[in-house]
Amino acid sequence: RISSGLNKIKGENKLYELKRTHFDLLNAKEKRYVRFRHYAVLSVSYKRSGNLPKALLYGAVAVLSSPVFFIKEAIEMRKNKNLG
């Protein structure tokens, strides 16, 4: 399945490489968001795959790549959790 496990991680890395080829079209904020989302998705994917060390590593990289986007995403997730 593409949505989980190593296939998800490989697919995400390929997609990120494609996105990076278009970074020249993005401003600094947009680039930070793309980086943040990439590392956040990797963190969740590794967690779901049972690889906690890599999940924590990529989670930390996501936070460091954009603390502001991390906070915004955390707030949004909290809102959605409370609605569901």
Side-chain angles (χ1 to χ4, degrees):
R1 289 178 37 188
I2 191 68
S3 63
S4 65
L6 293 178
N7 286 336
K8 171 68 175 170
I9 293 164
K10 288 178 185 177
E12 180 61 28
N13 284 326
K14 285 182 182 180
L15 181 60
Y16 182 66
E17 288 306 315
L18 176 65
K19 290 176 182 178
R20 285 186 51 164
T21 65
H22 300 286
F23 266 23
D24 58 322
L25 303 173
L26 304 176
N27 63 38
K29 182 179 178 181
E30 292 166 333
K31 290 176 193 176
R32 273 193 308 277
Y33 183 73
V34 170
R35 283 187 203 102
F36 162 77
R37 286 292 298 178
H38 171 68
Y39 294 121
V41 168
L42 287 180
S43 178
V44 171
S45 296
Y46 276 114
K47 181 180 181 288
R48 288 182 178 161
S49 296
N51 190 333
L52 189 58
K54 281 198 176 182
L56 293 172
L57 171 68
Y58 284 109
V61 173
V63 172
L64 293 173
S65 68
S66 181
V68 172
F69 284 127
F70 174 78
I71 292 167
K72 286 179 180 181
E73 290 285 326
I75 291 169
E76 192 63 32
M77 285 178 60
R78 180 87 170 153
K79 283 182 194 175
N80 290 337
K81 185 178 179 183
N82 289 336
L83 293 176

Subject >> Point-to-point distance, once rounded to the nearest 0.5 Å, from OG of Ser66 to NZ of Lys72 >> reply: 8.0 Å
**OP:** Determine whether Tyr58 and Leu52 fall in the same hydrophobic cluster, where Ile, Leu, Val, Met, Phe, Trp and Tyr are linked whenever their side-chain heavy atoms lie under 4.5 Å apart.
**Re:** no
**OP:** Count the heavy atoms belonging to other residues, nucleotides or ligands that lie under 6.0 Å from NZ of Lys31, then report whether that count exceeds 12.
**Re:** yes
Original post:
Which heavy-atom pair separates Ala62 from Ala40 by the least distance, and what is that distance?
Top reply: CB-N, 3.7 Å
**OP:** Not counting sequence neighbours, which residues clear side-chain contact (heavy atoms from CB on, under 4.5 Å) with Asn27? List them please.
**Re:** Lys29, Glu30
Original post:
Out of curiosity, Leu57 CG to Asn51 CG, how far, rounded to the nearest 0.5 Å?
Top reply: 9.5 Å
Original post:
Where do Phe23 and Arg35 land on the side chain to side chain contact (heavy atoms under 4.5 Å, CB included) test, with the steps shown first?
Top reply: CA-CA 10 Å; Phe23 266 23; Arg35 283 187 203 102; 3.7 Å; yes
Original post:
When clusters are formed by joining ILVMFWY residues with side-chain heavy atoms under 4.5 Å apart, either directly or through shared neighbours, do Ile71 and Phe36 land in the same one?
Top reply: yes
**OP:** Assign the ring pair His38 / Tyr16 to parallel, tilted or perpendicular, where the plane angle (0 to 90°) is split at 30° and 60°.
**Re:** parallel
Original post:
Between Leu64 and Val44, is there a shared hydrophobic cluster once you connect ILVMFWY residues whose side-chain heavy atoms come closer than 4.5 Å?
Top reply: no
Original post:
Just how far is it from atom NZ of Lys8 to atom CG of Leu42, taken to the nearest 0.5 Å?
Top reply: 9.0 Å
Original post:
Do other residues, nucleotides or ligands put more than 12 heavy atoms under 6.0 Å from Phe70 CZ?
Top reply: no
Original post:
Quick check: does any side chain N or O of Ser45 sit under 3.5 Å from a backbone N or O of Val41, one acting as donor and the other as acceptor?
Top reply: yes
Original post:
Which heavy-atom pair separates Ser43 from Ala55 by the least distance, and what is that distance?
Top reply: OG-O, 2.7 Å
Subject >> Ser49 OG to Ile9 CD1 distance, which is reported to the nearest 0.5 Å >> reply: 4.5 Å
Original post:
Just wondering, do Ile75 and Lys79 contact through their side chains at under 4.5 Å, heavy atoms?
Top reply: yes
Original post:
How many angstroms lie between CG in Leu15 and NZ in Lys19, if you round to the nearest 0.5 Å?
Top reply: 4.0 Å
**OP:** Could you state whether Val34 and Phe69 fall into the same hydrophobic cluster, counting links through intermediate Ile, Leu, Val, Met, Phe, Trp or Tyr residues with side-chain heavy atoms under 4.5 angstrom apart?
**Re:** no
Original post:
Roughly how far, to the nearest 0.5 Å, is the CD atom of Glu76 from the CG atom of Asn80?
Top reply: 5.0 Å
Original post:
Should Val61 and Tyr33 be counted in the same cluster of Ile, Leu, Val, Met, Phe, Trp and Tyr side chains packed under 4.5 Å apart?
Top reply: no
